[in-house]
*Asks:* 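Could you have a look at this structure, given as structure tokens, before my questions?
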There are 2 protein chains.
Amino acid sequence: MAETASRLTPHRYGSRPTMKDVAGRAGVGLKTVSRVVNGEPGVTPDTERRVQEAIDALGFRRNDSARVLRKGRTASIGLVLEDLADPFYGPLSRAVEEVARAHGALLINGSSAEDPDRERELVLALCARRVDGLVVIPASGDHRYLAPEMAAGIATVFVDRPPGQIDADVVLSDSFGGARDGVAHLIAHGHRRIGFIGDQPRIHTATERLRGYRAAMADAGLPVHDAWVSLGSTAPTRVRAAAETMLGGAEPVTAVFAGNNRVTVTVVRVLASPASLASPARPVALVGFDDFELADLLRPGVTVIAQDAARLGRAAAGRLFARLDGDAGAPEHTVLPTRLIARGSGELPPTTP
Amino acid sequence: MAETASRLTPHRYGSRPTMKDVAGRAGVGLKTVSRVVNGEPGVTPDTERRVQEAIDALGFRRNDSARVLRKGRTASIGLVLEDLADPFYGPLSRAVEEVARAHGALLINGSSAEDPDRERELVLALCARRVDGLVVIPASGDHRYLAPEMAAGIATVFVDRPPGQIDADVVLSDSFGGARDGVAHLIAHGHRRIGFIGDQPRIHTATERLRGYRAAMADAGLPVHDAWVSLGSTAPTRVRAAAETMLGGAEPVTAVFAGNNRVTVTVVRVLASPASLASPARPVALVGFDDFELADLLRPGVTVIAQDAARLGRAAAGRLFARLDGDAGAPEHTVLPTRLIARGSGELPPTTP
DNA sequence: TAGGGCCTGGACAACGTTGTCAGAACGGGA
DNA sequence: TCCCGTTCTGACAACGTTGTCCAGGCCCTA
């Protein structure tokens with residue numbers, strides 16, 4: 001009777017019952033409740049039952065803030081990335097979460113929106129919450145602000161891009177090699193005038209991929225005109241303008257290498273648009289960095305340099321928990337290979353204008 | 001000198017300096033440090049400077065766990081969804097994060113993987129951390145377990161699907177109306193035999209969309225054969241089999257309505273595959289629920305019922321923070337409209353086999 | 001039946017912060 | 001010179017949990 005009533009009328013609105021309340025109701029000591037809640041041994045079945053009843057009746061739920069304060073570990077890790085809505089980061093984020101879950105940790109994440117200040121603010125907020133560790137996709141080029149935190153014991157792994165000004169565990173895809181392979185693929189199919197459209201130059205992967213492009217061109221003894229290279233925002237208008245410029249100049253390119261999935265998608269749109277300088281009679285070849293859903297269903301299918309976002313996430317989270325489990329070795333730099341997936345757009349032959 | 005040294009050798013590895021340490025070093029009281037850290041008034045500039053120097057020297061960072069314990073609010077909200085990697089949830093999640101950020105809160109999120117037990121486990125873990133509020137995309141059909149938490153003051157908003165067995169704020173898209181419109185669109189283009197492939201029947205949106213399908217068929221006086229309706233997992237193999245069955249039966253459908261973006265993509269693949277029962281000579285019309293990237297670039301473009309995931313997220317987070325700001329009104333049920341985007345696949349005429 | 005060991009339960013301090021409250025220092029006016 | 005008011009500062013308790021440590025009761029054996 002009384003039990004039913006109190007089940008429906010909790011302790012007090014907004015202020016939850018504590019172990020003390022449970023102990024009082026069950027007629028046992030505080031520590032005994034703690035033991036029951038944490039499944040520690042040393043409680044007779046009868047006592048345990050009484051405590052459990054009190055817990056259910058009061059709707060008690062352990063306050064993890066207090067627990068964390070006492071124990072020092074939060075069983076949570078932070079993930080800072082650029083944009084949760086980017087299809088590249090979804091699987092990465094998911095993979096990190098899976099690993100965290102396997103280690104009994106929760107994931108707190110935030111988007112930096114490619115803004116260094118916001119990255120810093122987010123990271124420090126996570127440190128203030130005393131996350132056990134951090135997985136960071138850097139937006140800034142200077143991570144010295146993290147050094148004291150790392151020294152204080154917050155394990156940190158960088159992924160997709162290396163940290164700036166400090167040394168730390170990092171997991172990358174082979175941007176340089178991938179881009180070089182992709183451009184070499186275009187060259188192998190006869191292209192000589194190839195354009196490169198990439199992300200902003202302060203982003204490490206963008207410059208690495210550009211470096212790969214230049215290496216492939218140099219390996220083939222091909223010149224690179226300034227007008228063929230464009231780094232900048234991945235906003236569709238910017239990318240569209242860049243594509244139209246290199247397709248329409250005095251020395252128009254016959255193929256484009258797109259620096260990431262955002263760029264690739266926009267280039268596909270440009271090439272497909274009726275007003276495009278490309279046409280069925282004069283197709284433009286395309287290879288993009290990053291695979292994306294439906295790339296195979298477009299006509300022609302889009303040839304890509306695929307990186308495995310989930311694997312990046314798993315590898316990074318794996319490093320992180322290895323650190324949390326006591327690995328104190330030197331920072332590890334992991335580079336995962338990329339894979340060229342030929343689907344047609346990279347195999348189009350060049351046509352003279 | 002001494003300062004430089006201590007900057008590089010923090011207090012002790014793994015155990016960070018506290019306000020007490022800062023106070024000791026600055027030669028002030030504990031509370032004064034607290035005042036400086038929180039920007040409270042009543043500290044002379046000189047004292048503030050001394051404290052700030054000590055903070056910098058020691059690498060002090062406030063421990064939010066202790067703060068939360070004392071203050072009762074965590075400035076964090078939880079988001080439980082099905083799968084972070086699903087392109088539908090990316091923008092939703094991002095929108096929730098934006099709103100949270102605007103309110104100074106961090107976002108903790110977890111994937112339920114469509115598993116009711118996992119949902120419950122996640123939600124309760126978040127409650128134990130005393131998140132201020134929860135945004136939940138339900139995987140389970142019974143949320144009575146949440147009632148005590150909500151009574152204890154954890155604001156909760158459900159989004160995309162309604163909660164089970166309890167009443168609470170909820171933000172939905174108009175699944176019924178959207179599906180009905182989509183099927184009506186196919187009927188308007190001459191189709192009489194239309195198939196429906198949807199998600200598992202325990203998912204609310206799946207059954208609502210099926211209901212919309214049936215309503216449109218009934219409105220047009222068309223019969224629905226059992227073989228034309230298939231609910232189940234969105235795994236490609238299952239969807240593929242379902243599609244092939246309804247395309248190949250005694251009364252083959254001439255159009256398919258796909259219940260969500262996962263299904264749509266697989267159906268597109270089936271229809272595009274060379275072995276398909278569809279062919280250029282006998283195209284099959286398609287309308288899908290949910291818009292998706294590149295839908296416009298496929299040939300034919302895929303006609304969809306678009307829902308605005310970001311808007312769902314914003315609306316849900318908006319409700320949540322309204323609750324946290326004191327709104328104690330009755331639970332609100334918000335239904336956002338959907339929009340048909342015609343791109344070609346829904347406008348194909350029926351062909352007799 | 002007494003003594004020893006084991007098992008169960010509880011009192012208490014500590015974690016790092018913030019709110020309360022009172023005391024100290026300082027300046028100005030009588 | 002003294003007193004009062006204002007401003008700044010610090011001591012202390014409290015938040016809810018867990019770890020330490022000790023007390024009491026039980027069972028077993030001699």
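A, B, ... follow the sequence lines: proteins, then strands. Residue 1 opens every chain. Just so it is clear, the model here is predicted, and its values are computed rather than measured.
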*Asks:* So, is B:T32 near the phosphate of D:dT9, with a side-chain N or O under 4.0 Å from OP1 or OP2?
*Replies:* no
*Asks:* Please confirm whether the backbone N or O of B:R16 pairs with a side-chain atom of B:T18, one donor and one acceptor, at under 3.5 Å?
*Replies:* no
*Asks:* How many Å lie between CZ on A:R50 and C1' on C:dT8, as a whole number?
*Replies:* 12 Å
*Asks:* When you check the phosphate oxygens OP1 and OP2 of C:dG9, does a side-chain N or O of A:T44 lie under 4.0 Å from one of them?
*Replies:* yes
*Asks:* Where does the angle between the aromatic ring planes of A:F321 and A:H103 fall among parallel (under 30°), tilted (30 to 60°) and perpendicular (over 60°)?
*Replies:* parallel
*Asks:* Select base, sugar-phosphate, or nothing to describe what B:D64 touches, counting heavy atoms under 4.0 Å on all strands.
*Replies:* nothing
*Asks:* Is a donor-acceptor contact shorter than 3.5 angstrom present between the side chain of A:K20 and the base of D:dG16?
*Replies:* no
*Asks:* Ignoring backbone atoms, establish whether B:S34 has a side-chain N or O less than 4.0 Å from OP1 or OP2 of C:dT18.
*Replies:* yes
*Asks:* How close or far is atom C1' of D:dC15 from atom CG of B:N63, stated in whole angstroms?
*Replies:* 13 Å
*Asks:* Categorize B:K31 for me: base, sugar-phosphate, or nothing, with a 4.0 angstrom heavy-atom threshold over every strand shown.
*Replies:* base
*Asks:* Taking the side chain of B:R62 as heavy atoms from C-beta outward, which of D:dG10, C:dT17, D:dG19 is closest to it?
*Replies:* C:dT17
*Asks:* Once hydrogens and angles are ignored, does a donor-acceptor distance under 3.5 Å link the base of D:dG10 to the side chain of B:R35?
*Replies:* yes
*Asks:* May I ask you to say what B:S65 touches in the nucleic acid, namely base, sugar-phosphate or nothing, with a heavy-atom cut-off under 4.0 Å?
*Replies:* nothing
*Asks:* Would you please confirm or rule out a distance under 4.0 Å between OP1 or OP2 of D:dT9 and any side-chain N or O of B:T47?
*Replies:* yes
*Asks:* Please classify the nucleic acid contact of A:V28 as base, sugar-phosphate, or nothing, using heavy-atom distances under 4.0 Å.
*Replies:* sugar-phosphate
*Asks:* Please state how far atom CZ in A:F60 lies from atom C1' in D:dG16, giving the value in whole angstrom units.
*Replies:* 8 Å
*Asks:* Please report the distance, rounded to the nearest Å, between CD in A:E48 and C1' in C:dG9.
*Replies:* 14 Å
*Asks:* Side chain of A:L69 only, heavy atoms from C-beta on: which candidate in C:dG16, C:dT18, C:dG9 is closest?
*Replies:* C:dG16
*Asks:* Quiz question: by atom type and distance under 3.5 Å, do the side chains of A:D83 and A:S111 form a donor-acceptor pair?
*Replies:* no
*Asks:* Distance check needed: C:dG9 P versus A:D46 CG, whole Å only.
*Replies:* 9 Å
*Asks:* Side chain of A:L30 only, heavy atoms from C-beta on: which candidate in D:dT18, C:dG19, D:dT9 is closest?
*Replies:* D:dT18
*Asks:* Quick check: any donor-acceptor pair below 3.5 Å linking the side-chain of A:R70 to the base of D:dG19?
*Replies:* no
*Asks:* Report the residue from A:Q165, A:R120, A:E119 that forms a side chain to side chain donor-acceptor pair (under 3.5 Å) with A:Y145.
*Replies:* A:E119
*Asks:* Would you kindly give the CE-to-P distance between B:M19 and C:dG16, to the nearest whole Å?
*Replies:* 12 Å
*Asks:* Give one of base, sugar-phosphate or nothing for A:G42, where a contact means two heavy atoms less than 4.0 Å apart.
*Replies:* sugar-phosphate
*Asks:* Restricting to non-hydrogen atoms, name the atom on B:M150 and the atom on B:D167 that form the minimum distance, rounded to 0.1 Å.
*Replies:* CE-O, 4.4 Å
*Asks:* Would you mind telling me which of D:dG19, D:dT9, C:dG9 lies closest to the side-chain atoms of A:V43?
*Replies:* C:dG9
*Asks:* Quickly work out the A:N38 CG to D:dG19 P distance and round it to whole Å.
*Replies:* 8 Å
*Asks:* Please state how far atom CZ in A:R16 lies from atom P in D:dC15, giving the value in whole angstrom units.
*Replies:* 17 Å
*Asks:* Is atom CZ of A:R118 surrounded by more than 12 heavy atoms (other residues, nucleotides or ligands) closer than 6.0 Å?
*Replies:* yes
